There are 2 protein chains.
Amino acid sequence: MARTTGSHSDITGPRIRDAALRLFARHGYAAVSMRQIAGEVGVQAGALYNYIPDKQSLLVELMRDHMVELLEAVPVDRSDPPLAQLEAFVRFHIGFHHARPDAVFIAYMELRNLEPGNFAEIEELRGRYEAVLERILRDGAGAGVFDVPDPKIATLAVIAMLTGVTTWFRAEGRLSLGDVQDQYWDMVRKSVMA
Amino acid sequence: MARTTGSHSDITGPRIRDAALRLFARHGYAAVSMRQIAGEVGVQAGALYNYIPDKQSLLVELMRDHMVELLEAVPVDRSDPPLAQLEAFVRFHIGFHHARPDAVFIAYMELRNLEPGNFAEIEELRGRYEAVLERILRDGAGAGVFDVPDPKIATLAVIAMLTGVTTWFRAEGRLSLGDVQDQYWDMVRKSVMA
DNA sequence: CTTGGGTTTGAATGGGTGTTCAGTTAAATC
DNA sequence: GATTTAACTGAACACCCATTCAAACCCAAG
């Protein structure tokens, strides 16, 4: 067990993931080479393979980590009324995604670069997240609070709308994150209300 | 001027564009090689260069054609009341995009693979399309029909929501295109109404 | 039936790809 | 101070990349 304090492995590992996240988001998985990632970390390409088995695994790991983090953070309190649950979801989605634009970008854009098995895994996680919102809408519709003929469609519509925020919102811009959350919550609320 | 009837150039040209559109949408611009495109057309890679100057131009052309077609097809009748204009826009957007899933995918996903000048050109076209919706919302808000604190945000929210349809809608599925248009129109209408 | 030219081939150019691995470096332990 | 070993280098491997171009092909026109 030599070399624990001075070891770099606990530094280089995360740095590789950070660099890959940024580069994949900026240029796309296929357009980024292992040499570029290594360059950002300040290491030769060969060294990356002490930390990851291959390029594809690096992508899957980034996407899985993002989705798992998302699922763990999403607020679900089934004792709250549906409207309150929906508001919590909307504000959470915007806030969470805004804090991780690169991960969001990758999770939505690089699905087609996943090998079939990996694709299925990530899609399953995404499905679980969508199910959270769908359940809220279904409960609210059942209680007569919401008017959504097809909760599945409404779920996809709302998530698409909310996720779009990451493509244009910048904290330095005209509006604060709170402003954006307020206005989106207003639109979502009205769009599903009975 | 020999060889007009037996010429292939009026066949091969479009076939290259078709193949590139499908392949770029499926695998991404960076992941598709000129050899793959040529293979789909049934020709050697070198032959592509009789029709396009380079790979990047092929991408730009596909994106520009899509955006120009979109801008020419979008219904704008300023004599209609804002609500009717909005409904026409919503139904048009869903219908038009549904008919060209590959072009939509490329136009939204491959922006980062454009060189700066080309990027600016495509963004300008996209801006013009967004301006159509923004104007409708602004007019309606001015007339007191709509309640949208920030028409710019509402524009982006609505477009993101509508464009999301292409990622999941399949004509063979549970719902018809008309069903989807109806429900989306219902949600959009409610979300912006005063 | 030859000619001219639009069209395509097939090879070559120079460079980049992901991945492997023997060898070197340097820090922690004994 | 010697030994161990995690961490990394640098070169090599086999292959793919976009693009160019002289040569071959093929067919309408004359």
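None of these values were measured; they are calculated from a predicted model. Below, chains carry the letters A, B, ... as their sequence lines are ordered, and counting in each starts from 1.
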I'd like to know if A:R35 reaches the base of C:dG18 with its side chain, counting only an N/O donor and acceptor under 3.5 Å.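 Side chain to base: pair found, below 3.5 Å.
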Distance test, side-chain N/O of [X] to OP1/OP2 of [N], below 4.0 Å:
X	N	value
B:Y51	C:dT8	yes
B:T12	C:dT8	yes
B:S33	D:dC17	yes

No-hydrogen, no-angle side-chain donor-acceptor test under 3.5 Å, B:T166 and B:H98: no
With the side chain counted from C-beta on, respond yes when A:W168 and B:K152 share a heavy-atom pair under 4.5 Å apart, and no when they do not.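 A:W168 vs B:K152: side chains apart.
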Contact between A:K55 and A:Y29 at the side-chain level, heavy atoms closer than 4.5 Å - yes or no? yes
Could you state the atom-to-atom distance from [atom1] of [X] to [atom2] of [N] in whole Å?
X	N	atom1	atom2	answer
A:D54	C:dG18	CG	P	11 Å
B:F24	D:dA18	CZ	C1'	12 Å
A:N50	C:dT25	CG	P	17 Å
B:L23	D:dA18	CG	P	12 Å
B:R15	C:dT8	CZ	P	10 Å
A:Q44	C:dT24	CD	P	16 Å
A:I16	C:dG18	CD1	P	14 Å
B:L48	D:dA18	CG	P	10 Å

Determine the contact category for B:V32: base if any of its heavy atoms lies under 4.0 Å from a base atom, sugar-phosphate if only primed atoms, P, OP1 or OP2 are that close, otherwise nothing. sugar-phosphate
Among the nucleotides C:dG18, C:dT9, D:dT19, whichever has the atom closest to the side chain of B:Y49 is D:dT19
Between A:A47 and A:A30, which has a closest nucleotide on DNA chain C that is more 5'?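 Mapping each residue to its closest nucleotide by heavy atoms, the 5'-most match is A:A30.
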Given side-chain contact (heavy atoms from CB on, under 4.5 Å), test A:Q183 with A:L175 step by step and report yes or no. CA-CA 11 Å; A:Q183 185 162 341; A:L175 299 155; 5.8 Å; no
For A:E40, the option from A:R22, A:R26, A:R17 that meets salt bridge (Lys or Arg N to Asp or Glu O under 4.0 Å): A:R22
